A.B. asks: 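This structure is in structure tokens; I'll ask about it shortly.
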Protein chains: 2
Amino acid sequence: MKPIALHERIRAEIEAAILGGQLRPGDRIPKETELMAEYGCARMTVNKALSALAGNGMLERRKRAGSFVAQPRTQSMVLDVPDLAAAIAARGQSYRWDLTSRKISAPARAEAEALGVRAKVLSVTGVHFSEGLPLAFEERMINLALVPDIAEADLSQTPPGSWLIAHVPWTEAENRISATAAPVAVARALGIARGAPCLMLERRTWRGTDTVTRVRQHFVADRYELVARFGPGGN
Amino acid sequence: MKPIALHERIRAEIEAAILGGQLRPGDRIPKETELMAEYGCARMTVNKALSALAGNGMLERRKRAGSFVAQPRTQSMVLDVPDLAAAIAARGQSYRWDLTSRKISAPARAEAEALGVRAKVLSVTGVHFSEGLPLAFEERMINLALVPDIAEADLSQTPPGSWLIAHVPWTEAENRISATAAPVAVARALGIARGAPCLMLERRTWRGTDTVTRVRQHFVADRYELVARFGPGGN
DNA sequence: CGCTTCATAATGTCTATACATATTCAGGCG
DNA sequence: CGCCTGAATATGTATAGACATTATGAAGCG
């Protein structure tokens, strides 16, 4: 069938022992030479397995001391923050984007400070629809110095997030997730009551030290949730 | 200073080229033999660098075809879901936990189904305080078959999450993050208005196929946010 | 022209070896 | 007793070579 690589098998077995509780945090795992004998392979093979686990934060390795099961102090979860258009399409639902405003301007001094941008910015607002229902209200600023092309893009057809992901890929990013009461403008755009709960996602992405874009999305509470996973099945 | 490992340097340089936009998704990166010549090192060294990037989802490697910059389809962010007590303490704020109810029972048939648990469960509710203010209301179920010791733990002193992380480490987990209007019970416990927005975090953790615990935490909207990062600076 | 077959080029895995580096542990010395 | 020194040890990095695997693209065949 599928001959699994040996280093992967070793990795998986040790991971299983950790997740299964046979190995507990602080426990020492056999040294490389011992595992090497146990599996009858070279040290590099064992090393690859252990390095991978150490990379995941599951092992802590100290020279001369050995390899130890790490403390799961802060569960690092993998959160998928997909492009909305793609995510909704992937769920087999219909998607629509409504551009409600678009303007180019120099950011106000305070904003420029917060954005870390002195250049001109494109400001966009709009609404994401799923199955014909408003799902999220989006306010976005885009640094035109870094992404001049977007000034010519037709953002009434393509939501800016989708355009950016296709044209300015692999930026660094930070997301802040919180809950808020819908402000008037948001409530009106989403057709919900003022003050109704919203999941708010604020994202800032950069290239090097320059901010590329800054988004704030208000999701209608009942219609969206984020999922984060941790674990070997974490795929 | 600290001589950085060569494979790490190679990895970092390619990553920088991807994040800096010199290499775009779909672009092909030099084959191992070429990089090997460029850096004057062995193939295994290059391979280690590229394998690491492939593990991060930043490269896609195909035999015979070469290595390509991956599409950042779904931005996989690392979300730290820390233990609340530890997280608040780390921010230098005071923390308090109020146990409001605790009971052991067999879950109702419907619940048992949803939990994937037939055994007895310990049900706990309580409130997390930060700086004297209610921060989160927690409802939790714990599988006593997997964690019998917790029946004897003093959960009025230690919040169950902290107890579990110390006693049942390294489980698999799934988090669902959403926003809701505070139900009556939650609003009362948190001292907020009924229907006020809350950030809701539902977590389920398992060991193998068995559910260990299931939590629902309602956070007061203004007092908490989750942060997820992606990027090399993502530390 | 379309299909199959096959050599080839790339990555994937593994080995055996070597030396580097950091940490511990045991002595030795003041 | 405390501090320094040095040896032992486990991991960290790197090498050169070997063979496996697999998609590709071209050659050959019907």
Side-chain angles (χ1 to χ4, degrees), chain A residues 1-18 23-71 170 232 235, chain B residues 1-18 23-71 73 232 235:
Chain A
M1 333 263 181
K2 41 172 179 182
I4 300 174
L6 181 53
H7 68 83
E8 175 53 25
R9 204 187 109 209
I10 299 175
R11 197 200 63 77
E13 286 185 9
I14 295 175
E15 183 184 70
I18 294 175
L23 288 171
R24 304 177 58 80
D27 283 1
R28 179 176 177 172
I29 75 167
K31 51 190 93 168
E32 291 188 346
T33 50
E34 290 170 354
L35 288 169
M36 173 181 162
E38 180 180 339
Y39 287 97
C41 65
R43 189 164 80 92
M44 277 295 299
T45 307
V46 171
N47 189 316
K48 192 165 186 178
L50 299 191
S51 296
L53 287 168
N56 283 7
M58 226 153 188
L59 286 185
E60 190 189 339
R61 312 194 71 195
R62 298 208 316 274
K63 301 184 187 186
R64 168 66 217 247
S67 303
F68 304 84
V69 178
Q71 303 288 340
W170 285 120
N235 306 314
Chain B
M1 333 278 165
K2 45 175 176 186
I4 300 174
L6 181 54
H7 69 83
E8 173 55 24
R9 203 186 108 210
I10 300 175
R11 196 199 65 76
E13 284 184 12
I14 296 175
E15 183 185 69
I18 294 175
L23 288 172
R24 304 176 56 81
D27 282 1
R28 179 176 176 170
I29 75 168
K31 50 190 93 166
E32 291 188 346
T33 50
E34 289 170 355
L35 287 169
M36 176 179 159
E38 180 181 338
Y39 287 95
C41 65
R43 190 165 78 93
M44 278 291 300
T45 307
V46 171
N47 189 318
K48 193 166 186 176
L50 299 191
S51 297
L53 286 168
N56 283 8
M58 225 153 194
L59 287 186
E60 190 191 339
R61 312 194 71 196
R62 297 209 316 272
K63 301 184 188 190
R64 167 67 216 249
S67 301
F68 303 84
V69 178
Q71 302 288 340
R73 24 193 101 274
N235 304 313

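Fair warning: this is a prediction, and the values are worked out from it, not measured in the lab. Just so we're on the same page: letters track the sequence lines, and every chain starts at 1.
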A.B. asks: Does Arg28(A) have any salt bridge (Lys or Arg N to Asp or Glu O under 4.0 Å) partners at least two apart in sequence or in another chain, and if so, which?
C.D. replies: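 In terms of salt bridge (Lys or Arg N to Asp or Glu O under 4.0 Å), with neighbours along the sequence ignored, Arg28(A) is linked to no residue.
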A.B. asks: Would you say Lys63(B) places a side-chain N or O within less than 4.0 Å of OP1 or OP2 belonging to dA23(D)?
C.D. replies: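 No, Lys63(B) has no side-chain N/O under 4.0 Å of OP1/OP2 on dA23(D).
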A.B. asks: Run the side chain to side chain contact (heavy atoms under 4.5 Å, CB included) test against Arg64(A) and tell me which residues pass, sequence neighbours left out.
C.D. replies: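 Residues passing side chain to side chain contact (heavy atoms under 4.5 Å, CB included) with Arg64(A): none at all.
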A.B. asks: Heavy atoms only, 4.0 Å cut-off, all strands: where does Leu50(A) land among base, sugar-phosphate and nothing?
C.D. replies: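 Here Leu50(A) touches no strand at all.
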A.B. asks: Given atom CZ of Arg11(B) and atom C1' of dT13(D), what is their separation to the nearest angstrom?
C.D. replies: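 From Arg11(B) CZ to dT13(D) C1': 16 Å.
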A.B. asks: Could you state the CD1-P distance from Ile4(A) to dT21(D), rounded to the nearest angstrom?
C.D. replies: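 After rounding, the reported distance stands at 14 Å.
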A.B. asks: Is there a side-chain contact between Leu53(B) and Ile29(B) (heavy atoms, below 4.5 Å)?
C.D. replies: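 SC-SC contact between Leu53(B) and Ile29(B) ruled out.
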A.B. asks: Find every protein N or O atom lying less than 3.5 Å from an N or O atom of nucleotides 5-8 of chain D, and list the pairs.
C.D. replies:
residue	atom	partner	partner atom	Å
dA8(D)	N3	Arg64(A)	NH1	3.1

A.B. asks: Might you work through the side chain to side chain contact (heavy atoms under 4.5 Å, CB included) test for Leu59(B) and Ile18(B), ending with a clear yes or no?
C.D. replies: CA-CA 10 Å; Leu59(B) 287 186; Ile18(B) 294 175; 4.1 Å; yes
A.B. asks: Are any non-hydrogen side-chain atoms of Leu35(A) and Leu50(A) less than 4.5 angstrom apart?
C.D. replies: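 Touching, per the 4.5 Å side-chain cut-off.
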A.B. asks: Mind checking if Ser51(A) touches a base, just sugar-phosphate, or nothing, with heavy atoms under 4.0 Å?
C.D. replies: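 The answer is nothing, as Ser51(A) stays clear of every strand by at least 4.0 Å.
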A.B. asks: Would you indicate whether the side-chain heavy atoms of Arg24(B) and Val69(B) approach each other to under 4.5 Å?
C.D. replies: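 When only atoms from C-beta onward are counted, Arg24(B) and Val69(B) do not touch, as no gap falls below 4.5 Å.
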A.B. asks: Sequence neighbours left out, what passes side chain to side chain contact (heavy atoms under 4.5 Å, CB included) with Ala65(A)? Give chain and number order.
C.D. replies: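 Only Arg62(A), Phe68(A) meet the side chain to side chain contact (heavy atoms under 4.5 Å, CB included) criterion with Ala65(A).
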A.B. asks: Just how far is it from atom CD1 of Ile10(A) to atom CG of Asn47(A), taken to the nearest 0.5 Å?
C.D. replies: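 Taking CD1 in Ile10(A) and CG in Asn47(A), the distance rounds to 10.5 Å.
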A.B. asks: Taking all atoms of both residues into account, what is the closest heavy-atom pair of Ala70(B) and Pro25(B), and its distance?
C.D. replies: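 So the two residues come closest at O-CB, 3.6 Å.
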A.B. asks: Rounding to a whole Å, what distance do you find between Arg62(B):CZ and dG25(D):C1'?
C.D. replies: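 Taking CZ of Arg62(B) and C1' of dG25(D), I get 14 Å after rounding.
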A.B. asks: Kindly state which residues belonging to residues 33-45 of chain A come within less than 4.0 angstrom of DNA chain C, counting heavy atoms of the residue only, listed by number.
C.D. replies: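 Nucleic-acid contacts, sorted: Gly40(A), Cys41(A), Ala42(A), Arg43(A), Met44(A), Thr45(A).
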A.B. asks: Shortest non-hydrogen contact from Ser51(B) to Arg61(B)?
C.D. replies: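 Where Ser51(B) meets Arg61(B) most closely, the heavy atoms are OG-NH1, 3.9 Å.
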A.B. asks: Quick one: Asn47(A) CG to dT9(D) C1', roughly how many Å, whole number?
C.D. replies: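 The answer, rounded to whole Å, is 15 Å.
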A.B. asks: Hey, does the side chain of Ser67(A) come within less than 4.0 Å of dA10(D)'s phosphate (OP1/OP2), counting only N and O?
C.D. replies: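 No, Ser67(A) has no side-chain N/O under 4.0 Å of OP1/OP2 on dA10(D).
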A.B. asks: Leu59(A) CG to dA10(D) P: how many Å, rounded?
C.D. replies: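 One finds 17 Å between P of dA10(D) and CG of Leu59(A), rounded.
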A.B. asks: What residues in residues 23-30 of chain A put a non-hydrogen atom under 4.0 Å from any atom of DNA chain D?
C.D. replies: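 Those residues are Arg28(A).
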A.B. asks: Side-chain polar contacts of residues 39-46 of chain A - donor-acceptor pairs under 3.5 angstrom, sequence neighbours left out - could you list them?
C.D. replies:
residue	atom	partner	partner atom	Å
Tyr39(A)	OH	Glu13(A)	OE1	2.5
Arg43(A)	NH1	Glu32(A)	OE1	2.4

A.B. asks: Please identify each residue that fulfils salt bridge (Lys or Arg N to Asp or Glu O under 4.0 Å) with Glu8(A), with sequence neighbours left out.
C.D. replies: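 Once residues adjacent in sequence are excluded, the partners of Glu8(A) under the salt bridge (Lys or Arg N to Asp or Glu O under 4.0 Å) criterion are Arg11(A).
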A.B. asks: With a strict under 4.0 Å distance from non-hydrogen atoms of chain B, what nucleotide opens and what nucleotide closes the contacted stretch of DNA chain C, reading 5' to 3'?
C.D. replies: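 Boundary nucleotides touching chain B, in 5' to 3' order, are dT8(C) to dC14(C).
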A.B. asks: Please report the distance, rounded to the nearest Å, between CD in Glu8(B) and P in dT13(D).
C.D. replies: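 Interatomic distance, CD of Glu8(B) to P of dT13(D): 9 Å.
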A.B. asks: Between the two end axes of the helix from dC1(C)-dG30(D) to dG30(C)-dC1(D), each built from 5 base pairs, what angle do you get to the nearest 10°?
C.D. replies: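 Rounded to the nearest 10 degrees, the bend comes out at 10°.
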A.B. asks: Between His7(A) and Ala65(A), which is nearer to the 5' end of DNA chain C once each is assigned its nearest nucleotide?
C.D. replies: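 Upstream on the strand: His7(A).
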A.B. asks: In whole angstrom, give the distance that lies between atom CD of Glu32(B) and atom C1' of dT15(D).
C.D. replies: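 Atom-to-atom, Glu32(B) to dT15(D), this comes out as 15 Å.
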